[in-house]
Amino acid sequence: MPRTITEREPEVRYEPQRIEQKWAERWAADPSLYAADDPAAITASGGTPKPKYYVLEMLPYPSGALHMGHVRNYAIGDALARHMWMKGYNVLHPMGWDSFGLPAENAALKNNREPREWTLSNIAAMKRQMHRLGFAYDWANEVTTCLPDYYRWNQWFFLKLYEHDKVYRKKSKVNWCPECATVLANEQVVNGCCWRHETTPVEQRDLEQWACRTTDYSDELLDGLDKLEGWPEKVRTMQRNWIGRSKGAEVTFKLEDVPAGAAQDVTVFTTRIDTIYGATSVQLAPEHPVVKALAEQDSKLRAEVDAMIAEQKQAKQTGDIGTLEKHGVPTSAVAVNPFNGERIPVWVANYILMDYGTGAIMSVPGHDERDFEFATKYGIAIRRVIAAAIPEQDTELPFIAKDGLLVNSDEWNSLTCAEALQKMVARAEDKGFGNPKVTYRLKDWGISRQRYWGTPIPMIYCDDCGIVPVPESDLPVLLPPQVDLTLTGGSPLGRVPEFVNVPCPKCGKPGRRETDTMDTFVDSSWYFYRYVDAHNSTAPFDSAKANYWFPIDQYIGGVEHAILHLIYSRFWTKFMRDLGLIKNDEPVTRLFTLGMVLKDGGKMSKSLGNVVSPDEMVARFGGDATRAYTLFATAPDREMDWQDAGVEGVQRFLSRAYRYVARNANGEDAAWRAEANVPVSDDLSAEARALRRKLHQTIKRISDEFAGRWHFNTCIAAIMELVNAMYAAEDAASQSKVTIPVTVVAEAMRNVTLLLHPFAPYVAHEMWEMLGESSNLLKAPWPKYDAELAKEDEVEIPIQINGKLRSKILVAPDATDDAMREAALADQRVVAAMEGKQLVKAIVVKGKLVNLVLR
RNA sequence: GCCGGGAUGGCGAAAUCGGCAGACGCAGCGGACUUAAAAUCCGCAGACCCGCAAGGGUUGUGGGGGUUCAAGUCCCCCUCCCGGCACCA
């Protein structure tokens with residue numbers, strides 16, 4: 001008869017609220033609990049230093065409350081950090097706040113609150129949530145980007161950038177979001193709309209802006225990606241596309257029949273100079289200066305060009321550029337091909353973009369699909385200049401092959417494309433009508449924002465001296481309080497006379513401060529360096545400390561930062577390296593991008609009303625269950641569909657683990673502890689051995705996951721299985737009247753606690769205490785598995801006949817192939833199945849399976 | 001259009017190297033305990049068919065083809081979903 005529950009279940013209840021409260025208080029009382037060892041102290045001590053491990057989760061914007069995506073992100077990072085502490089690493093695991101930005105201004109307008117006050121109170125609230133979830137952060141090195149002790153170093157870096165000509169005034173068309181009333185970087189424009197206001201089309205305005213020379217590092221940013229093997233391929237590809245390097249040539253065509261005042265030639269960019277004998281027209285972007293000059297003399301052309309400009313603008317905003325039907329207008333001008341002197345027509349076409357290359361192309365309809373479409377439509381000549389090396393492989397035009405041979409190209413005929421590319425550029429350069437050219441899609445990073453809640457740009461305009469940097473000794477330039485934030489279009493700081501009007505640092509005459517602030521992506525471009533030395537008041541950080549901790553060993557965050565933040569921060573690292581502040585070329589060795597948290601198959605959003613609040617989950621199921629569920633639902637890199645019932649299931653599991661320990665451990669009793677700590681003897685019942693086997697198999701599984709795939713869902717499943725096995729062993733033992741020694745039970749309980757700790761630290765600490773352990777669980781050694789103990793006595797081997805499962809046999813795990821085959825052939829069902837058939841082949845996979853091929 | 005990722009029970013998912021598909025959990029069903037409920041514990045469970053049952057058979061990882069003794073996993077073709085890029089010359 002199964003034993004009754006009442007015998008086994010005294011009134012032990014898992015009360016997460018009580019346990020978590022208790023440990024949260026203890027942890028809060030010890031601020032040094034999660035502090036890393038100081039590298040200087042490590043070197044001084046002379047002992048074998050612990051290896052360092054810098055694990056970082058992307059810092060949140062303090063919107064007021066954590067969302068489930070944060071919880072999932074931090075649960076992953078915290079599990080890893082705790083595991084690495086247990087593995088004996090010197091772990092740096094910091095947290096901070098990306099706390100400048102527009103939402104604070106909006107809140108200020110809406111609720112009449114100071115951005116600073118709103119932001120700081122949000123930070124306090126979110127920090128409470130993080131504490132409640134038991135995340136182990138080194139709060140002593142917290143970074144809050146909106147405070148002067150941080151942003152003064154943004155200003156310091158700005159001065160350094162200026163000094164090294166990496167930041168400059170750029171007059172150009174800029175992206176302007178009317179909703180934000182500010183400029184946006186190219187990276188912040190999504191489908192022609194603002195990244196924060198996805199339905200607000202971005203306008204183009206002529207403005208003078210501060211821009212960072214990110215393009216000085218284009219090649220290094222691109223080529224460096226090859227070495228970032230610890231980054232997801234997806235992110236590397238996205239960055240490659242974003243940088244968009246294209247190697248080609250510029251070729252200048254002389255123009256005829258153009259107005260006297262206009263340029264007398266036009267330069268095109270091409271990646272296929274080898275096809276230039278196939279150029280049968282030149283195509284210009286409608287905004288091209290030559291077109292402008294032509295249109296001035298031709299009102300009909302002007303009307304058509306204006307319509308084309310409007311069409312392109314519209315299509316950019318709707319994201320339809322790329323699918324527009326190609327059309328164009330001929331002009332009166334004629335271009336001369338510098339290679340063969342051929343006179344070809346000049347057209348204006350809607351598929352040519354002014355902001356890429358030179359805004360002009362040579363059109364080769366024989367070997368480019370777009371040009372082909374256009375030429376076909378307007379009856380422009382189409383000429384073959386490339387043929388396949390093997391004539392049978394020629395296809396109809398347009399023929400795009402890059403490994404062909406040149407034809408119809410005078411002296412260049414029968415060269416391969418690759419040879420022609422090289423030689424023809426050389427000729428163009430030699431003759432002065434062309435040159436090799438590398439074009440990038442990446443543009444310099446415009447960092448001025450006409451906003452209040454950001455870092456003031458430390459520059460002063462003086463009528464006599466021009467642009468004058470604020471002297472380093474005058475930093476920080478403080479953000480004034482109580483500023484009128486009404487969205488009128490100008491920089492709010494411009495409305496604060498006490499801020500604007502300052503003497504020129506050079507000549508002392510009245511000057512005006514720069515009133516724009518920095519893009520908030522400046523803040524996040526280097527914040528992780530500040531963590532190593534957050535209180536430094538004489539430098540952004542100590543170089544020795546940064547060189548100890550960097551690069552970041554593991555960075556964890558959402559894929560939505562694959563381009564913006566992760567390109568800017570790579571740029572910043574390279575600039576700091578060139579300044580001599582750091583030695584590393586890249587900030588991050590390994591990057592992990594987590595999947596989104598969905599609800600009912602869709603994104604959680606306020607408008608859909610499907611947002612699950614972490615606070616509510618914590619109140620219902622506890623912090624441990626909430627965070628552990630975010631890991632249990634699926635693998636961390638996959639999208640996860642939230643289900644409240646799943647959290648409840650995890651809570652039940654934690655309860656089971658806790659109650660097992662509560663019933664079986666008596667850590668307060670010295671006699672029990674003495675008995676529990678006796679080494680396990682070899683003389684064990686089958687039940688006890690099975691339990692130990694399961695334990696050691698579980699240790700292996702979980703250790704392997706931490707070292708490899710991070711499929712923490714299967715880790716938690718494995719611990720569930722182990723706990724189930726502990727209950728089952730108890731059950732089996734009670735039925736077969738065998739006892740499982742206290743030492744074996746204690747070993748299982750101790751290890752379950754250690755394994756559980758990275759995922760559910762509160763309950764693990766409570767269990768650790770119940771076991772009478774007084775050491776700090778955070779740094780308790782990660783368990784080692786014993787391969788001998790993990791080995792099965794017997795394994796069940798499936799027997800297939802012609803690939804179909806027909807029977808199973810038990811054999812020793814190291815049984816030889818012969819022994820397995822014999823055992824399989826002796827099996828009753830096999831014997832029956834072989835009746836009247838012939839054994840053609842027997843496939844034996846050692847320790848795995850036997851497949852008998854019968855005919 | 002191009003580049004990634006994905007599609008497995010009623011649901012979330014597992015299967016790490018080509019070797020028992022569905023571990024673990026949720027929901028469900030049956031049972032124990034209870035005056036009852038909650039909580040807890042034990043058990044069952046892909047689908048279909050045969051059988052009173054024990055058991056047996058067929059089928060099954062988006063669709064179609066292929067390689068193999070053996071395919072969720074490898075190859076070819078296709079559909080749908082998610083993410084990114086896109087007249088980039």
Side-chain angles (χ1 to χ4, degrees), chain A residues 1-6 8-9 12-13 232-238 240-242 244-246 248 268-272 283 312 315 319-326 349-353 355-364 368-371 373-374 439-441 559-560 562-563 595-596 598 601 603 629 632-635 637-650 652-653 655-656 659 701 704-705 708-709 711 713-721 724 727-728 731 796-805 808 840-843 845 847-854:
Chain A
M1 283 303 289
R3 74 234 161 338
T4 60
I5 304 317
T6 38
R8 232 181 66 154
E9 294 288 325
V12 193
R13 292 189 60 161
E233 195 48 51
K234 178 185 181 167
V235 173
R236 296 200 279 170
T237 306
M238 284 166 75
R240 281 190 193 105
N241 291 341
W242 189 262
R245 180 165 67 194
S246 175
V268 304
F269 173 71
T270 177
T271 54
R272 294 298 302 273
Q283 302 288 344
Q312 282 192 343
D320 291 336
I321 199 137
T323 56
L324 281 184
E325 198 191 323
K326 289 175 191 35
N350 70 334
Y351 69 101
I352 309 302
L353 307 172
D355 56 8
Y356 186 78
T358 60
I361 65 155
M362 59 177 207
S363 175
V364 184
D368 180 285
E369 275 179 55
R370 293 158 301 168
D371 295 347
E373 189 185 330
F374 192 87
T439 298
Y440 301 89
R441 191 183 171 282
V559 74
E560 65 273 19
I563 294 175
M596 276 202 305
L598 307 177
K603 220 170 176 171
Y629 170 67
F632 177 66
T634 187
D637 56 345
R638 307 220 340 174
E639 281 183 349
M640 138 179 198
D641 196 53
W642 187 273
Q643 296 187 350
D644 287 4
V647 194
E648 201 175 337
V650 172
R652 270 203 282 269
F653 152 65
S655 168
R656 243 165 103 77
R659 280 179 289 115
R701 272 177 77 179
D704 288 350
E705 284 298 344
R709 306 183 307 171
H711 284 196
N713 52 332
T714 63
C715 292
I716 293 171
I719 304 174
M720 286 172 171
E721 283 184 57
N724 289 347
Y727 277 90
D731 217 21
E796 197 183 48
I797 297 292
I799 310 296
Q800 295 180 343
I801 290 174
N802 294 335
K804 294 199 174 191
L805 180 68
K808 289 181 178 182
V840 180
K841 202 172 176 189
I843 285 129
V845 184
K848 279 272 167 70
L849 124 165
V850 176
N851 187 13
L852 303 171
V853 185
L854 301 185

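Just so you know, these numbers use all the heavy atoms, side chains as well, and skip hydrogens, waters and symmetry mates. In what follows, chains carry the letters A, B, and so on, assigned in the order in which the sequence lines appear, proteins first and then strands, with residues in each chain numbered from 1.
Put simply, the side chain of A/Met238 reaches to within 4.5 Å of the side chain of A/Lys234, judged on heavy atoms. The shortest distance between side-chain heavy atoms of A/Ile716 and A/Val650 does not fall below 4.5 Å. You'll find the side chain of A/Val840 stays beyond 4.5 Å of the side chain of A/Leu854, heavy atoms only.
Here A/Thr634 reaches the OP1 or OP2 of B/rA14: one of its side-chain N or O atoms lies under 4.0 Å away. Of the side-chain N and O atoms in A/Ser246, one or more sit less than 4.0 angstrom from OP1 or OP2 of B/rA89. Distances shorter than 4.0 Å separate some side-chain N or O of A/Arg659 from OP1 or OP2 on B/rC41. The side chain of A/Arg652 contributes an N or O atom lying less than 4.0 Å from OP1 or OP2 of B/rA27. Distances shorter than 4.0 Å separate none of the side-chain N or O atoms of A/Arg13 from OP1 or OP2 on B/rU40.
Here the separation of B/rU61 from B/rC74, taken at their C1' atoms, is 16 Å to the nearest Å. Distance check on atom P: B/rG6 versus B/rC75 gives 13 Å, rounded to whole Å. Comparing B/rG46 with B/rA21, their P atoms are spaced 13 Å from each other, to the whole Å. Remark: the separation of the P atoms in B/rG9 and B/rG64 is 15 Å, to the nearest Å. B/rG63 and B/rC81: their C1' atoms are spaced 15 Å apart (whole Å). Rounded to whole Å, the P atom of B/rC20 lies 30 Å from the corresponding atom of B/rA27. The same atom, C1', is picked in B/rA89 and in B/rG83; the two are 27 Å apart, to the nearest Å.
In the set B/rC87, B/rA14, B/rC69, B/rC69 carries the atom at the smallest distance from any side-chain atom of A/Lys841. Closest to the A/Arg709 side chain, of the nucleotides B/rU16, B/rG12, B/rG25, is B/rU16. If you check B/rC87, B/rA23, B/rA14 against the side chain of A/Glu721, the one that comes closest is B/rA23. Here the nucleotide nearest the side chain of A/Phe632, chosen from B/rG12, B/rU16, B/rC88, is B/rG12. Distances were taken from every side-chain heavy atom of A/Gln800 (C-beta onward) to each of B/rC88, B/rG12, B/rG19; the shortest belongs to B/rG19. When distances are taken from the side chain of A/Glu705 to each of B/rC3, B/rC69, B/rU16, the shortest belongs to B/rU16.
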Contact list (N/O, under 3.5 angstrom) for nucleotides 57-62 of chain B vs protein:
residue: B/rU59; atom: OP2; partner: A/Lys804; partner atom: NZ; Å: 3.0

Is there any protein nitrogen or oxygen under 3.5 Å from a nitrogen or oxygen in nucleotides 83-85 of chain B, and what are the pairs?
residue: B/rC85; atom: O3'; partner: A/Arg441; partner atom: NH2; Å: 3.3

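Residues passing the ring pair (Phe, Tyr, Trp, His ring centres under 6.0 Å) test with A/Trp242: none are found, sequence neighbours excluded. In terms of the side-chain hydrogen bond (donor to acceptor under 3.5 Å, both in side chains) criterion, A/Asp637 has no residue partners (sequence neighbours excluded). Shown here are the side-chain contact (heavy atoms from CB on, under 4.5 Å) partners of A/Glu796, two or more places apart in sequence or in another chain: A/Lys808, A/Leu810. In this view, A/Arg240 and A/Asp226, A/Glu233 satisfy the side-chain hydrogen bond (donor to acceptor under 3.5 Å, both in side chains) rule, not counting sequence neighbours. Every residue two or more places apart in sequence or in another chain that forms a side-chain contact (heavy atoms from CB on, under 4.5 Å) with A/Glu705 is listed here: A/Arg709, A/His711, A/Thr714, A/Cys715. With sequence neighbours left out, A/Thr358 forms a side-chain contact (heavy atoms from CB on, under 4.5 Å) with A/Glu250, A/Thr267, A/Phe269, A/Ala360. Residues meeting the ring pair (Phe, Tyr, Trp, His ring centres under 6.0 Å) test with A/Phe374, sequence neighbours left out: A/Trp347, A/Tyr351, A/Tyr378. Residues meeting the side-chain hydrogen bond (donor to acceptor under 3.5 Å, both in side chains) test with A/Asp704, sequence neighbours left out: A/Lys700. The side-chain hydrogen bond (donor to acceptor under 3.5 Å, both in side chains) check on A/Asn802 picks up nothing, with sequence neighbours excluded.
For the pair A/Lys326 and A/Leu852, nearest-nucleotide mapping onto RNA chain B gives the more 5' position to A/Leu852. Across the interface with RNA chain B, nearest-nucleotide mapping of A/Asn851 and A/His711 shows A/His711 to be the residue nearer the 5′ end.
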> So what does the secondary structure string of RNA chain B come out as, 5' to 3', with Watson-Crick or wobble pairs under 3.5 angstrom, [ ] for crossing and | for pairs with another strand?
Replying inline: (((((((..(((......[....))).(((((.......))))).(((((....)))))..(((((..]....))))))))))))....

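No donor-acceptor pair closer than 3.5 Å links the side chain of A/Glu373 to the backbone N or O of A/Asp368.
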